[in-house]
Amino acid sequence: MPVPPVMMIILHPIPGVNTDAIDVSNKDINSGYDEGMAETKPVNTSRQQTRERIVEVAARLLREKGPHAVTTRAVAQAADMQAPTIYRFFDDKDALLDAVAEHVLATYVAGKTLAEDNGDPVADLRAGWDTHIGFGLANPAVFGLLTDPGRGGSSPATAAGLEVLRARVRRVAAAGRLRVAERRAVEIIHAAGVGVVLTLLSAPSEDRHLDLADAMYDAVTRSILTDQPPLPEDGTTAAALAFRALAPKLPMLSDAERALLSEWLDRAGGNVSPAARTSSDLETAKPN
């Protein structure tokens with residue numbers, strides 16, 4: 001390999017020339033080269049930023065024009081990038097739509113999680129219902145994607161949202177206001193919430209009767225809540241369900257004792273039979 005000119009000078013000093021100065025100059029050149037190379041190194045977060053940019057642009061197109069507008073070409077053009085860049089992050093359009101739905105829902109769920117408890121669990125439950133209805137009507141395309149059984153797959157954000165609902169129902173139970181088992185209450189509220197949003201979205205905006213959501217919530221609460229104070233015939237059930245909500249947190253009991261107590265209270269509250277209990281039920285008997 002030919003020796004670079006600068007190295008030739010250093011290897012073969014010229015009489016009367018200060019090679020130390022040349023050596024320093026050569027170091028400066030190398031240093032400058034290294035710095036230039038450092039500037040061209042990709043930033044670690046650039047890939048994540050690019051992905052976030054793609055998802056945000058696709059979310060805007062989805063919100064403004066619907067799922068059919070979210071094409072690779074349209075997203076690439078709106079994001080000012082080449083179409084092949086998108087395929088480095090998403091295999092196809094469905095994968096991109098899933099990421100968009102997850103992003104929008106995760107933002108919504110984070111807001112629900114941070115919502116302050118106002119001290120009235122029943123009022124908190126109603127506030128959560130209203131927020132859910134508002135989200136579905138404001139994000140029809142995303143809501144349609146999330147509730148489409150044909151798309152399959154599980155959503156972490158959906159799971160987190162259900163956990164928020166479970167926590168709110170658990171507080172209602174602890175207050176002695178729940179008429180049915182916690183799991184049953186969650187299933188009823190979730191099914192009713194999804195159903196009413198899809199029903200409203202199926203009608204033209206000018207023909208939507210938004211009071212349908214209020215009527216559905218009233219019907220739900222009549223089936224899952226006791227009056228305040230509990231009616232005499234509901235007193236025993238409400239007390240059992242309230243104690244059931246607290247049983248997993250009793251520190252003086254062992255795991256086995258908490259599981260057994262929870263099973264007894266489930267039966268007293270009209271919950272599933274012992275044969276229908278699952279491992280997930282036993283997990284709830286463990287203290288937090």
Side-chain angles (χ1 to χ4, degrees), residues 98 101-115 117 120-175 177-203 208-226 237-238 241-242 244-245 248 262 266 269-272 276-281 283-284:
D98 288 341
E102 186 72 13
H103 167 73
V104 175
L105 182 61
T107 302
Y108 159 69
V109 171
K112 287 179 62 177
T113 304
L114 294 175
D117 180 2
D120 184 343
V122 175
D124 287 340
L125 192 65
R126 177 58 196 254
W129 172 273
D130 291 339
T131 303
H132 165 81
I133 301 299
F135 171 82
L137 296 181
N139 301 274
V142 170
F143 196 86
L145 290 172
L146 292 169
T147 56
D148 180 3
R151 297 187 66 83
S154 58
S155 164
T158 298
L162 284 173
E163 189 56 39
V164 172
L165 175 58
R166 291 188 189 99
R168 288 180 173 172
V169 169
R170 191 168 299 118
R171 290 198 295 271
V172 173
R177 296 293 312 279
L178 205 58
R179 186 192 300 271
V180 299
E182 289 180 37
R183 177 182 296 181
R184 185 67 170 175
V186 169
E187 292 172 344
I188 292 173
I189 296 170
H190 178 65
V194 171
V196 73
V197 171
L198 291 178
T199 300
L200 290 172
L201 290 177
S202 67
R208 291 175 187 167
H209 299 286
L210 298 182
D211 60 345
L212 175 64
D214 296 330
M216 179 62 75
Y217 183 79
D218 290 341
V220 167
T221 54
R222 283 197 298 271
S223 67
I224 67 172
L225 298 181
T226 65
T237 298
L241 292 170
R244 173 65 176 83
S262 296
D266 280 342
N271 198 356
V272 295
R277 287 177 60 81
T278 64
S279 58
S280 61
D281 295 320
E283 283 296 320
T284 61

State the CD1-CE distance between I189 and M216, to the nearest 0.5 angstrom.
-> 12.5 Å

Any idea which heavy atoms bring L201 and P140 closest together, and the distance?
-> CD2-CB, 3.7 Å

Got H209 and T199 here, is their nearest side-chain heavy-atom distance under 4.5 Å?
-> no

Do R208 side-chain atoms and L200 backbone N/O form a donor-acceptor pair below 3.5 Å?
-> yes

Does the pair R177 and T226 meet the rule for a side-chain contact (heavy atoms from CB on, under 4.5 Å), with working shown?
-> CA-CA 5 Å; R177 296 293 312 279; T226 65; 3.7 Å; yes

Which distance, rounded to the nearest 0.5 Å, do you find between the CG of L137 and the NE2 of H132?
-> 9.0 Å

Where does the angle between the aromatic ring planes of Y217 and W129 fall among parallel (under 30°), tilted (30 to 60°) and perpendicular (over 60°)?
-> tilted

Counting only N and O atoms by type, is there a donor-acceptor contact under 3.5 Å from the side chain of R168 to the main-chain atoms of L125?
-> no

Nearest non-hydrogen partners of A101 and L146, listed with the distance = CB-CD2, 3.9 Å

Applying side-chain contact (heavy atoms from CB on, under 4.5 Å), name anything that partners A185, two or more places apart in sequence or on another chain.
-> V169, L178, V180, I224

Closest non-hydrogen atoms of V197 and F143, given as atom of the first, atom of the second and distance, are CG1-CE2, 3.4 Å

Pair R222 + D218, salt bridge at N-O below 4.0 Å = no

In Å, rounded to the nearest 0.5 Å, how long is the span from CG of L145 to CD of E102?
-> 11.5 Å

Hey, could you give me the CZ/CD distance between R170 and E182, rounded to the nearest 0.5 Å?
-> 5.5 Å

Minimal heavy-atom distance between Y108 and T131, with the atoms involved, is CE1-CG2, 3.4 Å

V220 versus A192, closest heavy-atom pair with distance = CG2-CB, 3.6 Å

Rounding to 0.5 Å, atoms OG1 (T158) and CG (L105) come to a distance of 5.0 Å

Taken to the nearest 0.5 Å, the spacing of I188 CD1 from T221 OG1 works out to 11.0 Å

Return the minimal non-hydrogen interatomic distance between H190 and L162, and the atom names on each side.
-> ND1-CD2, 3.6 Å

